[in-house]
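A quick write-up on the structure given underneath.
These values consider heavy atoms only, across backbone and side chains, with no hydrogens, waters or symmetry-generated copies. In this chain, numbering begins with 1 at the start of the sequence shown.
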Amino acid sequence: MDKILEGLNPEQRRAVETLSGPMLILAGAGSGKTKTLTHRVANLIAHRVEPWRILAVTFTNKAAREMKDRTLRLLETLQTGKVQLPYMGTFHGIALHILRMDGEAVGLNKNFIIYDADDRRLLLKNIIKTNGFELSKSQYRDVGDDISGAKNQNISADEYLAQATTAYEQKVAQIYRIYEQERRQNGALDFDDLLLYWLRLLDVEEVREKYRRLFKHILIDEYQDTNKIQYQIVRKLVNDERNICVVGDDWQSIYAWRGADYQNILNFEHDFKGATVIKLEQNYRSTKPILDAANKVIKENINRTDKTIWTESLNATPVEVVRVYNQFEEAEFVAQTIAREVAKGASYGEFAILYRMNMQSLPFEKLFTQKQIPYKLVGGQRFYDRAEVKDVIAYLNLLVAPQDKVSFMRAVNVPTRGVGERSLEKYFAGEQLSGKAGQGMHEFLELLADLRTKIATSSPKEIAGELVERLHYLDYLKTGKDERADARVANVKAFVEEAGEYDNLEDFLGSLALFASSDESVGMSAVTLMTMHAAKGLEWDEVFVVGLNEGTFPSKRVVMSGNESDLEEERRLLYVAMTRARHKLYITSHEKTKGFDGSVQRTEESRFLRPLRQDDDLDDLGTQDFEQTWTPQPVKCSEIDDSMSSDEVQICYDDDYSASSDDEIFADWA
């Protein structure tokens, strides 16, 4: 027993020792919740609760493996003998296990197969093609996500059709109905079905009572991330003894967009009257300045539980809240800071750069490549690997290399021209195309031929811009219901603007090829670049949270909606990002943003930083402006010579620049 309680603080110990009745453990960031959970399971087993009568659920395979491994290692020290934990895992994994045993009660064959994302995509593709559904490219991509979203809300195809308000939603409902028919005929379940059928199984009284008797104790990790169906499953499994323990932190609820409902954790005490509430508030990860700053931010939220995260790590470097001139100086500041710390002995792997949207990675990707700073991009594609960027590159490749068959096949039907696989086979076989395919191919070749005549007299930016305009490509990306359309449009605009840095198309395309094939430092110590969402559950010694500007974070969509609930979720996301840092935290914003059309826009600092900008907080938080420590001196671009290092010349301006104008002086990327 002493080994189970060893190393636990008083609140962790209370959570481990209280074994009966409902319990809510509010576990702040870095407060040792996994340790608390594993020690609690070990204590239950030490008190003669059979391991197979414990249901312990979390959300990711990684978290489930860690929980099981740590529990088994702890039990080994107690010499409990060999222990099996068959019901410790993810929601989906446990659902699969139970459906294999009892799924026949809801009409499932025990030998049902599981469709992964690729299997589902192929089936939907075949349904759309066979039944002649006409969808735009963005709609085609979204159908699977929309069906998945409906399933996670327990909405059937018929119910989806009844709620449909647009022609697109009516098509989704029809595709959804056919998909369900064919999936059942094929004896398959997709991942969403695993939870749906588990819930349906629990509606069968005999089965429900079986599992209510079986599970004497239920533990749910990350309870703030449960969705409607998961919540209903848990409620149906709790028996009259009410031995349910949930662990979570509403301050870190950041997945509403995929169905998570943080109200589930806020309502726990209402759902289970008399529940024991334990707050894990001692943080073992971050220093006091980091936690003070994070607490100031999150306490601006109204809908939250009340707790104060603290640490015994008192002596530490202050948080730096840094405001720079533009996003290129932002990347330069980060690069210089990392280089300085590495020179002192730090490893590149100790640093992470966190941003709100994947598109924000470009300045860092490019500068790090130029300065040979190893990095790895996590949770998203590199800028030049994104589909919409590769589409435009394919067209440009064809302008300089008409024989490029790979680029030809990618570009010919983007936007849709009715040139399908069979039409391409005929074309490459030298056959004449007719009808819609023939007209589409003619227009495609005519466009390429016309733009090819302009290569010698037009800049890469002019060619790329005209290409995008004549294709109506931005409108094409916006067509249909695509929440990512704005980001894709922004990526294309950024790409066109990027072309402006080169004198000819061949050099531009050559640089892209080199950049795309550059070493991503696989297996090396490297700086991590990722979105804040992807960073949840991770930690680094030093973290840069970048792009804290109105319209970026909080996002423009949230600002325009005026929805306070969405705004609070964005603030929770910032809290998560800030608490990823162990020893040092930097938060950056910029005064001006170079628009994707080359224009310059003034930007306001994010409202989320206002609590950190109060006068009495400045000394504690180390708030400062970048120009106080690093002020690049602009020079005429024509005066730059090879003797100047990249550190000496960071920005330059054209010879006709007027100091009184409001034009931006940008970082020189040459």
Side-chain angles (χ1 to χ4, degrees), residues 136 138-139 141-142 145-146 149 153 163 165-166 168-169 253-263 297-298 300-304 323 326-327 330 354-363 380 386 388 472-494 496-497 531-534 545-578 587-613 664:
S136 69
S138 59
Q139 289 175 337
R141 286 191 298 257
D142 286 340
D145 290 340
D146 290 335
Q153 293 297 316
Q163 299 173 14
T165 58
T166 66
Y168 167 72
E169 289 174 347
S253 178
I254 58 174
Y255 297 120
W257 50 276
R258 68 183 190 194
D261 187 356
Y262 75 99
Q263 292 292 336
V297 168
I298 198 62
E300 295 289 301
N301 275 7
I302 297 173
N303 297 303
R304 58 176 175 81
R323 188 152 173 82
N326 57 40
Q327 66 264 49
E330 189 171 48
L354 307 181
Y355 36 77
R356 179 64 180 84
M357 297 174 287
N358 275 313
M359 58 182 286
Q360 292 173 258
S361 69
L362 179 57
R386 292 164 190 169
E388 58 276 10
H472 303 289
Y473 189 62
L474 301 185
D475 292 334
Y476 170 65
L477 291 174
K478 294 176 185 176
T479 304
K481 185 180 178 183
D482 184 358
E483 293 182 354
R484 295 164 291 180
D486 288 344
R488 290 183 170 124
V489 167
N491 287 336
V492 173
K493 290 182 177 179
V496 172
E497 188 62 27
T531 64
M532 299 176 193
H533 278 104
V545 181
V546 301
L548 268 288
N549 288 45
E550 286 290 302
T552 301
F553 195 37
S555 69
K556 184 178 180 180
R557 177 189 61 80
V558 169
V559 172
M560 296 295 290
S561 74
N563 188 313
E564 190 62 30
S565 178
D566 289 344
L567 194 63
E568 291 203 347
E569 171 134 340
E570 292 273 281
R571 193 177 280 112
R572 292 195 295 270
L573 182 56
L574 176 57
Y575 174 82
V576 167
M578 295 172 70
I587 303 175
T588 66
S589 64
H590 42 269
E591 295 176 9
K592 292 189 177 183
T593 296
K594 183 177 182 180
F596 301 115
D597 57 357
S599 64
V600 178
Q601 302 171 352
R602 293 186 181 278
T603 53
E604 294 182 28
E605 187 174 71
S606 171
R607 68 190 70 189
F608 296 157
L609 295 183
R610 290 172 190 166
L612 310 185
R613 287 293 194 185
E664 181 180 21

Can you check side chain to side chain contact (heavy atoms under 4.5 Å, CB included) on Leu362 and Gln327, steps first, answer last? CA-CA 10 Å; Leu362 179 57; Gln327 66 264 49; over 6 Å; no

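Between the CG atom of Leu354 and the OG1 atom of Thr531 there is a distance of 8.0 Å, given to the nearest 0.5 Å. With rounding to the nearest 0.5 angstrom, the OG1 atom of Thr552 is 10.0 Å from the CZ atom of Arg356. Rounding to the nearest 0.5 angstrom, the gap separating the CZ atom in Arg572 from the CD1 atom in Ile254 is 9.0 Å. Note that CG of Leu548 is 6.0 Å distant from CD1 of Ile587, once rounded to the nearest 0.5 Å. The CG atom of Leu574 sits 8.0 Å away from the CD1 atom of Ile298 when rounded to the nearest 0.5 Å. Interatomic distance, CG of Leu612 versus OG of Ser606, reported as 9.5 Å (0.5 Å rounding).
Considering only residues two or more places apart in sequence or on other chains, Asn563 meets the side-chain contact (heavy atoms from CB on, under 4.5 Å) condition with Ser561, Ser565, Asp566. Residues passing the side-chain contact (heavy atoms from CB on, under 4.5 Å) test with Thr603, sequence neighbours excluded: Arg323, Asn549, His590, Thr593.
Among all heavy-atom pairs drawn from Val559 and Gly551, the shortest one is CG2-N, 4.3 Å. When all heavy atoms of Glu169 and Thr165 are compared, the closest pair comes out as OE1-N, 2.7 Å. Between Arg386 and Ser361 the shortest heavy-atom distance is NH2-OG, 3.4 Å.
A 4.5 Å side-chain heavy-atom check between Asn358 and Asn491 finds every atom pair outside the cut-off. Residues Glu569 and Val558 have side chains not in contact (no heavy-atom distance under 4.5 Å, counting atoms from C-beta outward). At least one side-chain heavy atom of Leu474 sits under 4.5 Å from a side-chain heavy atom of Lys493. Counting heavy atoms from C-beta on, the side chains of Glu564 and Asn303 never come closer than 4.5 Å. Looking at Val489 and Lys478, their side chains come closer than 4.5 Å, going by heavy atoms from C-beta outward.
Using a cut-off of 4.0 Å between Lys/Arg side-chain N and Asp/Glu carboxylate O, Arg571 and Glu568 are scored as not salt-bridged.
Among residue pairs with one or both ends in residues 547-570, those qualifying as ring-ring contact (aromatic ring centres under 6.0 Å, His included) are Phe553-Phe608; sequence neighbours excluded.
In this structure, Arg304 fails the cation-pi test against Tyr575, since its NZ or CZ atom is not both closer than 6.0 Å to the six-membered ring centre and inside 45 degrees of the ring normal.
In this structure, the side chain of Glu330 engages the main chain of Gly547 through a donor-acceptor pair within 3.5 Å. Between the Glu550 side chain and the Arg607 main chain, a donor and an acceptor come within less than 3.5 Å of each other.
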